[in-house]
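These notes concern the structure reproduced below.
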2 protein chains.
Amino acid sequence: MAKKNKNQDTEGQILSAAKNVFQKKGMDGARMQEIADEAGINKAMLHYYYRSKQLLFEAVFSNAFSLLAPQLNKILNDDSSIEEKVKNFTHNYISFISKHPYLPNFIIQELNRNPKFFEKIQQNTAFPTLEKFNNQVKSEVEQGILKPIDGEQLFINIISLNIFPFVATPLIKGLLKIDDKGFKQLMEKRKNALSEFIINSIKK
Amino acid sequence: MAKKNKNQDTEGQILSAAKNVFQKKGMDGARMQEIADEAGINKAMLHYYYRSKQLLFEAVFSNAFSLLAPQLNKILNDDSSIEEKVKNFTHNYISFISKHPYLPNFIIQELNRNPKFFEKIQQNTAFPTLEKFNNQVKSEVEQGILKPIDGEQLFINIISLNIFPFVATPLIKGLLKIDDKGFKQLMEKRKNALSEFIINSIKK
DNA sequence: TTATGGTTTAACCATTTGGTTAACAAAGAT
DNA sequence: ATCTTTGTTAACCAAATGGTTAAACCATAA
């Protein structure tokens, strides 16, 4: 029950509230007043600390992206074998997402709205690169560990299979006629089913 | 160079303009004035024909969904073998999407914004069901044609692999450091790479 | 105690936005 | 020809929204 230390705290309060609102409603759907309400402060404070809606949004966006980037790095720049990385990634990612359910859709959506955001992030964040992954795939194919496959296509496959269900959750729920509970169970089963599926396809 | 037959034409004009604007900017980002401008008519006409932004949006949304539904039906309710369906679907879908680049993202995004839309569509459209597909997978597994796999997971895999690249295009372009042309080439190669990938994984 | 500086608020403002209205044009119907 | 219905427009309106301001608040250093 500690006393709030005024300023430092409200700035975080704002960012946290903004995160909630922006990730649920997107840049266009979010309202400054709603963010203020969620933070329990006056709307003018948003501008005092972040100047404009645009800048507040960018703070939230960078923040979100810097959460996702390390996940991608795990599969791109880790030193273990492709097989191990696939297994680890598919197991970890689903758990990771459960803690940040709005994250992938938020990033994808806002990147679609304004593709130029990429440039802004590329400077801020330690940015994932495909180079190492491509070389590793090539090498394991040559060694006969993997069937012939293009590194870029494999990468797209892995992230598609992992991320898509969480981006298209309502679509999947609708088509499969399942509710929230059913979806969670399905994703839990998926932790194993998915890595099996991928490994089956690429391992010689 | 035929004369415009007044009413019938403008209603379509509006729907077409609304489609463009809504699919690019989403419900929240779209402006009625922009739709009117794109249609080259007075803003009041939008309300004359569609009453409200919400109703105009719903017209566009149903319309879009009824374009996507037959695609899903091809893989769910066609009579050919799973292998054939996978091959056909992955070949056709990429071509299909090139003609409607904003479609999948639009549907997914707006379904996220308001999951209740599903109910509204379910009545209008011939709605895809998993039943037949599930039975078929089960049967082919029992016959030893396919390795053991859950029908629902396989379905999720297929649509993830096909749809995700077109939902997350800016993300993929950014990570792979490719431009529009490079992306198109990659998707062209993908027509074969992807069906190989899936078949490799499931065929005994 | 009293300046001083950053922090917070209520009230306000200009603009945007979805929607309406009243008048007008066009084209059948009588 | 004229009455009636339907289509179309410019002007308008009220509400919402991002942003500003001037005054109040409050901790702390002098």
Side-chain angles (χ1 to χ4, degrees), chain A residues 1-62 106 109-110 113-114 116-117 120, chain B residues 1-63 106 109-110 113-114 117 120:
Chain A
M1 225 64 78
K3 208 192 203 172
K4 278 195 272 190
N5 46 335
K6 288 239 176 172
N7 56 343
Q8 207 67 357
D9 196 63
T10 48
E11 188 167 348
Q13 205 94 0
I14 292 174
L15 196 66
S16 165
K19 204 179 292 183
N20 286 337
V21 176
F22 275 131
Q23 294 196 3
K24 256 179 244 172
K25 312 219 165 163
M27 170 67 169
D28 291 331
R31 296 291 158 244
M32 293 298 266
Q33 188 58 57
E34 193 184 349
I35 296 175
D37 290 347
E38 176 120 356
I41 56 165
N42 190 285
K43 180 164 69 87
M45 297 305 293
L46 304 184
H47 295 94
Y48 182 75
Y49 283 104
Y50 291 92
R51 287 206 28 180
S52 69
K53 187 185 185 185
Q54 178 67 22
L55 287 177
L56 177 54
F57 175 81
E58 284 174 22
V60 170
F61 188 83
S62 308
F106 172 67
Q109 184 50 27
E110 298 302 326
R113 211 178 50 86
N114 181 7
K116 288 173 198 159
F117 263 140
K120 275 187 189 159
Chain B
M1 226 64 76
K3 208 194 206 171
K4 277 195 275 190
N5 46 336
K6 288 239 179 175
N7 56 343
Q8 207 68 355
D9 196 65
T10 47
E11 188 167 349
Q13 205 93 359
I14 291 174
L15 196 66
S16 165
K19 204 179 292 183
N20 286 338
V21 176
F22 275 130
Q23 293 196 6
K24 256 179 245 172
K25 312 218 168 166
M27 170 68 167
D28 291 331
R31 296 290 158 247
M32 294 297 266
Q33 188 59 58
E34 192 183 350
I35 295 175
D37 291 346
E38 177 121 353
I41 56 164
N42 189 286
K43 180 165 68 89
M45 298 305 294
L46 305 184
H47 294 93
Y48 182 76
Y49 283 104
Y50 293 92
R51 287 205 29 179
S52 69
K53 187 185 184 185
Q54 178 67 20
L55 287 177
L56 177 53
F57 175 80
E58 283 175 21
V60 169
F61 188 83
S62 308
N63 215 279
F106 172 68
Q109 184 50 27
E110 299 301 327
R113 210 178 51 86
N114 182 7
F117 264 139
K120 275 187 187 157

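Values reported hereafter were calculated over all heavy atoms of this structure, with side chains retained and with hydrogens, waters and symmetry mates removed. Everything quoted here is computed from the prediction, not taken from an experiment. Every chain is numbered from 1 and lettered A, B, ... according to where its sequence line falls, protein lines coming before strand lines.
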Residues two or more places apart in sequence or in another chain: which of them pass side-chain contact (heavy atoms from CB on, under 4.5 Å) with A/Arg51? A/Leu55
Using 30° and 60° as the class limits, which term best fits the ring planes of A/Phe61 and A/Phe117: parallel, tilted or perpendicular? parallel
Starting at CD1 of B/Ile14 and ending at C1' of D/dG7, how long is that distance when rounded to a whole Å? 11 Å
Rounded to the Å, how far apart are A/Ile41 CD1 and C/dT9 P? 7 Å
Could you report the tightest heavy-atom contact between A/Lys53 and A/Asp28, atom names first, then the distance? NZ-O, 4.3 Å
pair A/Lys25-A/Glu34: side-chain heavy atoms closer than 4.5 Å: yes
Rounded to the nearest angstrom, tell me the gap between atom CD in A/Gln13 and atom C1' in C/dT7. 15 Å
What integer distance in Å separates A/Glu11:CD from C/dT8:P? 10 Å
Sidechain-backbone polar pair: B/Glu110 side chain, B/Met27 backbone, donor-acceptor under 3.5 Å: yes
Can you measure B/Leu55 atom CG to C/dG19 atom P for me and round it to whole angstrom units? 9 Å
Measuring to OP1 and OP2 of D/dT8, would you say a side-chain N or O of B/Tyr49 lies under 4.0 angstrom away? yes
Starting from P on D/dA10, measure out to CE on B/Met45 and report it in whole angstrom. 12 Å
To the nearest angstrom, the CZ-P distance between B/Arg51 and D/dG7 comes to 16 Å
Readout for nucleotides 10-18 of chain C: B = base within 4.0 Å of protein heavy atom, S = sugar-phosphate only, - = neither; 5' to 3' it is B------SB
Cation-pi geometry met for A/Arg113 and A/Phe57 (6.0 Å, 45°): yes
